[in-house]
Protein chains: 2
Amino acid sequence: MQAAIGSGARSSAPTLEMVAREANVSRATVSRVVNGSPKVSPEVARAVNAAIAKLNYVPNRAARSLASRTSGAIALVIPEDTTRFFGDPYFSAIVQGIARRLDDSEYLLNLLVPTSDPSRKTMRYLKSGVVDGALIVSHHEGDRSLRDAAREIPMVFGGRPPNVDESVVFVDVDNLEGGMTAAERLLAIGRKRIGTITGPLDMPAAVDRLAGFRQSMETAGLPADAVEEADFSVAGAIAATRRLLDRVPDLDAVFVASDLMATGTLAVLRERGRRVPDDVAVVGFDDSPAATSSAIPLTTVYQPSEEMGFLMADLLVRLLAGEPVPHRNIMRTRLVRRQSA
Amino acid sequence: MQAAIGSGARSSAPTLEMVAREANVSRATVSRVVNGSPKVSPEVARAVNAAIAKLNYVPNRAARSLASRTSGAIALVIPEDTTRFFGDPYFSAIVQGIARRLDDSEYLLNLLVPTSDPSRKTMRYLKSGVVDGALIVSHHEGDRSLRDAAREIPMVFGGRPPNVDESVVFVDVDNLEGGMTAAERLLAIGRKRIGTITGPLDMPAAVDRLAGFRQSMETAGLPADAVEEADFSVAGAIAATRRLLDRVPDLDAVFVASDLMATGTLAVLRERGRRVPDDVAVVGFDDSPAATSSAIPLTTVYQPSEEMGFLMADLLVRLLAGEPVPHRNIMRTRLVRRQSA
DNA sequence: TTGTAGGCGTTATCAC
DNA sequence: GTGATAACGCCTACAA
């Protein structure tokens with residue numbers, strides 16, 4: 001379909017100029033049509049569009065970018081070990097949602113995977129104008145520089161960054177509510193000695209889930225001392241679960257802060273001969289594929305990961321279009337009952 | 001560190017012109033220094049570099065791209081359901097390797113996630129000059145158009161595409177050897193009724209692993225009829241394993257074509273009360289994190305996923321630099337013994 | 001070795 | 001509404 005003339009096809013791509021000639025108008029007019037300017041007469045617009053179709057014209061991104069001082073690209077920043085990032089279905093879903101939203105926009109998605117010195121190189125990059133905006137997923141307390149950059153380049157965070165002010169836009173779920181939901185399920189089925197495996201406590205999501213858990217326990221008049229911190233990885237969860245069982249042998253339920261980690265917890269429970277949910281009930285978090293593919297289907301707290309990604313991208317696109325957008329975008333969680341609790 | 005002058009910082013970025021003035025040379029000379037041209041006297045180069053440092057100059061990508069007719073970007077094409085793609089540790093590792101290689105190059109990585117009509121839109125995009133080259137991972141028989149595009153834009157495939165000719169460059173592991181390795185382990189521990197769960201048989205990798213398996217079985221004088229096809233997903237593996245067990249009740253070993261799928265197989269075996277490896281031995285493929293985080297650590301066929309990604313990016317970068325590169329890049333596999341076989 | 005000058009394909013600011 | 005005419009920032013012959 002593409003007018004592939006030998007090997008030089010790419011370099012001889014049709015230009016605005018050629019379209020203008022073909023339609024007997026000026027370049028300016030073609031530009032207006034291409035950019036959907038309202039002040040173009042219908043007939044002329046038709047003629048131009050015909051010429052565009054005939055020549056199979058596609059605007060040159062570099063030229064447009066140079067003249068307009070925008071890049072038409074958005075950065076997806078992953079300040080985390082890639083393997084862990086992509087290995088967690090939660091993030092996969094977010095990326096999926098982002099891609100889906102961007103698919104029918106003009107924006108390109110640039111993958112930014114800071115390796116060694118995250119902040120400095122990444123910041124330079126973000127400020128360099130290579131991208132018009134940035135999407136930041138997962139971030140620890142240390143990423144203060146990234147958060148501050150929100151004043152220089154439009155960005156949207158996935159998950160509430162620490163110490164937010166009005167200048168940062170983020171999408172998150174109500175992790176406090178999520179933690180309470182999990183604890184309440186465990187209480188509802190009559191468990192008394194309930195523990196929890198948390199995420200890294202320098203991450204707000206992990207802190208909030210724990211806080212929700214504690215709150216429910218307190219309300220129920222139960223101690224909330226059976227807490228072990230992990231790092232959202234399977235290996236970390238395995239170690240934490242072992243510590244927890246050693247310390248609290250009479251544990252009869254546990255809330256694990258991510259489904260992926262819960263698979264590790266299930267493995268340890270099995271190795272220790274504890275039946276799930278009979279001896280120890282387990283509630284996860286995410287409702288990711290890990291929840292259903294585990295040995296025992298997980299009862300878990302659903303969070304709309306894919307939609308969160310979609311919303312993140314949507315907010316950024318609107319931000320770039322100059323529209324005002326809400327700063328706090330909190331999505332709701334809900335319990336999904338399966339077999340583990 | 002960046003000379004942030006109010007809010008207009010980004011738009012007032014230093015240009016070649018300004019550097020030239022600062023160093024008392026022409027723009028051409030600065031350009032030469034920036035692009036590492038050999039024909040610049042040391043003193044002048046020093047002066048220019050000093051000016052660059054002083055002004056904190058960074059070349060404008062759009063302008064460079066427009067003038068040089070290259071984009072400085074590479075596309076990572078994922079012709080697959082994103083969730084499945086990112087959910088598989090094998091792909092995560094490849095992306096990791098790619099990012100690592102590209103990190104100390106000038107190239108940007110563009111994520112291309114074709115949603116609806118893969119070939120046409122993607123092809124248009126690739127040919128449009130938005131990227132200088134492309135990296136293609138995972139692909140089914142249908143992606144003929146993508147493969148043909150290799151003549152128009154430099155690309156490197158991860159995994160051997162179907163019906164390759166000399167024009168396509170790819171990185172792959174010796175899947176035939178891998179299949180044999182797996183089968184031989186099972187034979188070595190004395191199993192007689194050995195089956196296999198394959199990947200989608202429109203993927204060369206799946207076909208080759210099966211062929212290797214069959215070859216070893218034949219050599220051993222054993223039947224290779226206990227074969228069930230799956231799709232590299234956990235859910236698919238679970239279904240396939242159930243079919244296999246129903247059809248071949250006396251199965252005493254199974255080679256599963258990916259670790260991720262093997263976790264599904266383990267779950268089914270457990271649900272059917274078969275002990276692993278006592279009743280049924282299991283060998284996986286990949287040696288991904290899934291292999292060690294599963295309930296029973298998997299004996300598996302290691303493939304250097306991260307290195308494959310690194311090599312893919314490396315080959316493409318060299319290709320773009322005009323260097324000749326080998327077309328077939330086959331990496332070796334090896335058995336990793338753990339508990340499942 | 002270094003400088004000059006033209007052009008890369010768009011957008012944007014003016015007049016008309 | 002439409003059309004000239006500058007930029008936008010850099011690369012690259014070609015000259016010097």
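All values below were derived from every heavy atom in this structure, side-chain atoms included, with hydrogens, water molecules and symmetry-related copies excluded. Labels below follow one simple rule: chain letters A, B, ... track the order of the sequence lines, proteins then strands, and each chain is numbered from 1.
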Check: If you look at every heavy atom in B:A134 and B:V77, which pair is closest and at what distance?
Finding: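 That would be CB-CG2, 4.5 Å.
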
Margin query: Filter on salt bridge (Lys or Arg N to Asp or Glu O under 4.0 Å), then keep only pairs touching residues 33-53 of chain A, sequence neighbours left out; what's left?
Written below: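 Listed once each, the pairs would be none.
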
Next item on the list: Give every residue pair that meets the salt bridge (Lys or Arg N to Asp or Glu O under 4.0 Å) criterion with at least one member in residues 13-22 of chain A, sequence neighbours excluded.
Entry: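 Qualifying pairs, neighbours excluded: A:E17-A:R21, A:E17-A:R27, A:E22-A:K54.
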
Residues 309-328 of chain A, side-chain donor-acceptor partners within the protein, below 3.5 Å, at least two apart:
from: A:D314; atom 1: OD1; to: A:R101; atom 2: NE; distance (Å): 2.7
from: A:D314; atom 1: OD1; to: A:R101; atom 2: NH2; distance (Å): 3.3
from: A:D314; atom 1: OD2; to: A:R318; atom 2: NH1; distance (Å): 3.1
from: A:H327; atom 1: NE2; to: A:E166; atom 2: O; distance (Å): 2.4

Check: Checking side chain to side chain donor-acceptor pair (under 3.5 Å) for the pair B:S167/B:D165: CA distance, chi angles, key distance, verdict?
Finding: CA-CA 5 Å; B:S167 71; B:D165 60 31; 2.6 Å; yes

Applying side chain to side chain donor-acceptor pair (under 3.5 Å), can you list everything that pairs with [X], at least two apart in sequence or on another chain?
{"X": "B:T15", "value": "none"}
{"X": "A:E307", "value": "none"}
{"X": "A:S65", "value": "none"}
{"X": "B:S41", "value": "none"}

Notebook entry, point to check: Can you find a side chain N or O atom of B:T29 that sits less than 4.0 Å from OP1 or OP2 on C:dT2?
Noted result: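 No, no such contact exists.
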
Note to self: On the nucleotide D:dG9, are OP1 or OP2 found under 4.0 Å from the side-chain N or O atoms that B:T15 carries?
What the structure shows: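 No, B:T15 has no side-chain N/O under 4.0 Å of OP1/OP2 on D:dG9.
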
Item checked: Nucleotide-resolved protein contact map, nucleotides 11-16 of chain C, B/S/- at heavy-atom distance under 4.0 Å -> BB----

May I have the distance from [X] (atom [atom1]) to [N] (atom [atom2]), rounded to whole angstrom?
{"X": "B:R61", "N": "C:dT10", "atom1": "CZ", "atom2": "P", "answer": "20 Å"}
{"X": "A:L66", "N": "D:dC11", "atom1": "CG", "atom2": "P", "answer": "12 Å"}
{"X": "B:N60", "N": "C:dT10", "atom1": "CG", "atom2": "C1'", "answer": "13 Å"}

Margin query: Can you give me the bend angle of the helix from C:dT1-D:dA16 to C:dC16-D:dG1? Use the axis through the first five pairs and the one through the last five, nearest 10 degrees.
Written below: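 It comes to 30° between the two terminal axes.
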
Next item on the list: Quick one: list whatever passes side chain to side chain contact (heavy atoms under 4.5 Å, CB included) with A:A50, sequence neighbours left out.
Entry: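 Checked A:A50 against side chain to side chain contact (heavy atoms under 4.5 Å, CB included); zero matches.
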
Item checked: Those residues that, when tested against A:A63, pass side chain to side chain contact (heavy atoms under 4.5 Å, CB included) (two or more places apart) ->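 So A:A63 forms a side chain to side chain contact (heavy atoms under 4.5 Å, CB included) with A:N60, B:L66.
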
Checklist line | DNA chain C-proximal residues of residues 36-44 of chain A, any heavy atom under 4.0 Å | finding: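 Heavy-atom cutoff 4.0 Å gives no residues at all.
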
